[in-house]
Amino acid sequence: MKNLFEFAEACLHRPSIDEKLALSHYARHLLLNGALDLAEDRPLLPIASVKFPDKPELLAPRYMPARKLTTTDGVTAFFHAIAHVEFVAIYLAWDIVYRFRGMPKQFYQDWLRVADEEAQHFELIRNHLRTRSIDYGDLPAHSGLWEHAIATADDLLARLAMVPRCMEARGLDVTPAIIEKFKVLGDDDSVAILSRILTDEVGHVESGSYWFKFVCRQKGFEPEAKYRQLITHYFKGGKPKGPFNREMRIIAGFSNAELDWLETHGNENTKYF
């Protein structure tokens, strides 16, 4: 296997977790060594054909285990939820590679890097869970992130607005405070893992911002107005509610005007895990 879209098809349509991780790393290795073919000659399968593992069981958010960081079970449930976010994020990165053709080479290079880094994040958290005598899939999870992919399967701008520039960006808002809580608890391993993820996620959101603005320019849209339109249309409740990490979001490509709009009359909290 040497073609990027063949890798993407395999990662999206083969449910094996370990195979998905290995393919994500190998595809990036081939790219970095100039051995990955980017020819777009494979047919596009519908997003409904994407396959997930049998576990975890997917339930509504109200049925998720309590994630209070003051209890052992709560910390375990928290990291299981984060593992699920990172696992679905592998799918999200591969799906944007697979589903949206005709973009510049750098677009595919950027999102393959994201897929590889999300796989690394998942492995870090999965190993962390195993030190707590639990594996990914042992607790239920919910499918909210992937539902955004389904809703935006035919619109690249909507995908970029809703996934990296809304749901993933929420991690920039909430993760620093969570890291501080683990520092207070003296849990250095958790701090290190979450800090690594946060650093990479800034780059992921930044890639989303870059390509959102790129496609807007291609199509003749004013990016800030288009962002407001898409979030209002696709986000349940109109737009997310803060607080927002302005510093990190600006590093990741948000404008002050976008942040001012988000901070005005948000409608509900954004649950990203």
Side-chain angles (χ1 to χ4, degrees), residues 1-40 42 44-45 47 49-53 82-127 136 141 143 145-146 148-150 152-153 156 159-160 162-169 171-172 193 196-212 214 252 272-273:
M1 191 184 300
K2 293 291 179 72
N3 178 270
L4 174 65
F5 297 95
E6 188 177 2
F7 274 101
E9 185 174 310
C11 287
L12 291 169
H13 299 97
R14 299 179 190 176
S16 167
I17 294 174
D18 291 334
E19 182 182 25
K20 200 178 313 295
L21 299 173
L23 289 175
S24 297
H25 298 325
Y26 185 49
R28 182 85 192 285
H29 168 77
L30 291 177
L31 176 68
L32 293 175
N33 287 277
L36 188 64
D37 175 21
L38 270 65
E40 301 177 18
R42 299 185 68 82
L44 181 64
L45 299 174
I47 198 166
S49 67
V50 172
K51 293 182 174 60
F52 287 87
I82 295 294
H84 185 64
V85 169
E86 299 299 331
F87 185 66
V88 176
I90 303 169
Y91 276 85
L92 291 168
W94 275 117
D95 194 71
I96 202 170
V97 166
Y98 179 73
R99 202 153 306 283
F100 301 103
R101 310 289 173 92
M103 293 293 288
K105 180 179 179 180
Q106 188 62 46
F107 176 87
Y108 301 106
Q109 293 174 335
D110 285 352
W111 294 108
L112 175 53
R113 171 183 58 82
V114 172
D116 179 45
E117 289 178 352
E118 301 290 16
Q120 293 176 46
H121 298 170
F122 174 78
E123 288 168 324
L124 286 170
I125 298 173
R126 190 185 198 189
N127 290 335
Y136 175 64
S143 59
L145 274 178
W146 188 248
H148 292 297
I150 294 170
T152 60
L156 176 56
R159 175 68 63 86
L160 291 165
M162 280 303 300
V163 177
R165 302 199 83 226
C166 182
M167 304 309 294
E168 287 189 77
L172 309 187
I193 292 169
R196 158 68 194 283
I197 291 172
L198 178 61
T199 298
D200 288 347
E201 291 295 345
V202 173
H204 300 176
V205 178
E206 185 177 19
S207 291
S209 295
Y210 175 86
W211 289 109
F212 182 82
F214 178 92
Y272 86 116
F273 66 91

Exercise. Is there a donor-acceptor pair under 3.5 Å between the side chain of Asp95 and the backbone N or O of Tyr91?
Worked result: no
For this session: Indicate whether the side chain of Trp94 and that of Ser24 have a donor and an acceptor atom separated by less than 3.5 Å.
Result: yes
For this session: Verify whether the ring centers belonging to Tyr136 and Phe87 lie closer than 6.0 Å.
Result: yes
Exercise. So which heavy atom on Ile197 is nearest to which on His121, and how close?
Worked result: CG1-CG, 3.7 Å
Problem set entry | Glu9 backbone acceptor or donor facing His13 side chain under 3.5 Å | yes
Problem set entry | Test of ring centre spacing under 6.0 Å for Phe107 and Phe100 | no
Problem set entry | Minimum heavy-atom distance Ala252-Leu172, with the two atoms named | CB-CD1, 4.0 Å
Exercise. Less than 4.5 Å apart, any side-chain heavy atom of Met103 and any of Leu156?
Worked result: yes
For this session: To the nearest 0.5 angstrom, please state how far the OH atom of Tyr98 sits from the SG atom of Cys11.
Result: 12.0 Å
For this session: Taking the side chain as every heavy atom from C-beta outward, state whether Lys2 and Leu30 have any atom pair closer than 4.5 Å.
Result: yes
Exercise. Okay, side chain of Arg159, backbone of Ala149: is any donor-acceptor separation there less than 3.5 Å?
Worked result: yes
Exercise. Side-chain contact, heavy-atom cut-off 4.5 Å: Lys20 with Pro15?
Worked result: no
Exercise. Side chain of Arg42, backbone of Asn3: donor and acceptor closer than 3.5 Å?
Worked result: no
Problem set entry | Asp200 side, atom CG; Glu206 side, atom CD - distance, nearest 0.5 Å | 12.0 Å
Exercise. So do Leu4 and Asp37 actually touch side chain to side chain, heavy atoms under 4.5 Å?
Worked result: no
Exercise. Going from CG on Leu145 to CD1 on Ile150, what distance comes out if it is rounded to the nearest 0.5 angstrom?
Worked result: 11.5 Å
Problem set entry | Minimum-distance pair of heavy atoms, taken over all atoms of Leu198 and Gly171 | CD1-O, 4.0 Å
Exercise. Do the side chains of Ile90 and Val114 get nearer than 4.5 Å, heavy atoms only?
Worked result: no
Seminar exercise, completed: Separation between NE2 (His148) and CE (Met162), nearest 0.5 Å, reads 4.0 Å
Exercise. Do you know the tightest heavy-atom contact between Phe122 and Ala83?
Worked result: CD1-O, 3.3 Å
Exercise. Do the side chains of Leu112 and Leu36 get nearer than 4.5 Å, heavy atoms only?
Worked result: yes
For this session: May I ask you to check whether Trp211 and Phe214 place their ring centres under 6.0 Å from each other?
Result: yes
Exercise. Can we say Lys105 and Asp110 salt-bridge, meaning some charged N sits less than 4.0 Å from an Asp/Glu carboxylate O?
Worked result: no
Exercise. Is the closest side-chain heavy-atom distance between Glu118 and Glu168 below 4.5 Å?
Worked result: yes
For this session: On the 0 to 90° scale, with breaks at 30° and 60°, tag the Phe5-Tyr108 ring pair as parallel, tilted or perpendicular.
Result: perpendicular
Problem set entry | Evaluation steps, side chain to side chain contact (heavy atoms under 4.5 Å, CB included), between Asp116 and Leu31 | CA-CA 11 Å; Asp116 179 45; Leu31 176 68; over 6 Å; no
For this session: Give the minimum heavy-atom separation between Ala119 and His25, together with the two atoms involved.
Result: CB-CE1, 3.7 Å
Seminar exercise, completed: Interatomic distance, CG@Leu45 vs CG@Leu12, rounded to 0.5 Å, equals 9.5 Å
For this session: State which residues pass side chain to side chain contact (heavy atoms under 4.5 Å, CB included) with Ala10; sequence neighbours excluded, sorted by chain then number.
Result: Met1, Arg14, Leu23
For this session: Apply side chain to side chain contact (heavy atoms under 4.5 Å, CB included) to the pair Glu117 and Glu201, showing each step before the final yes or no.
Result: CA-CA 9 Å; Glu117 289 178 352; Glu201 291 295 345; over 6 Å; no
Exercise. So, do Glu86 and Glu123 sit near enough that their side-chain heavy atoms are less than 4.5 Å apart?
Worked result: no
Problem set entry | CH2-CE distance between Trp146 and Met167, expressed to the nearest 0.5 angstrom | 14.0 Å
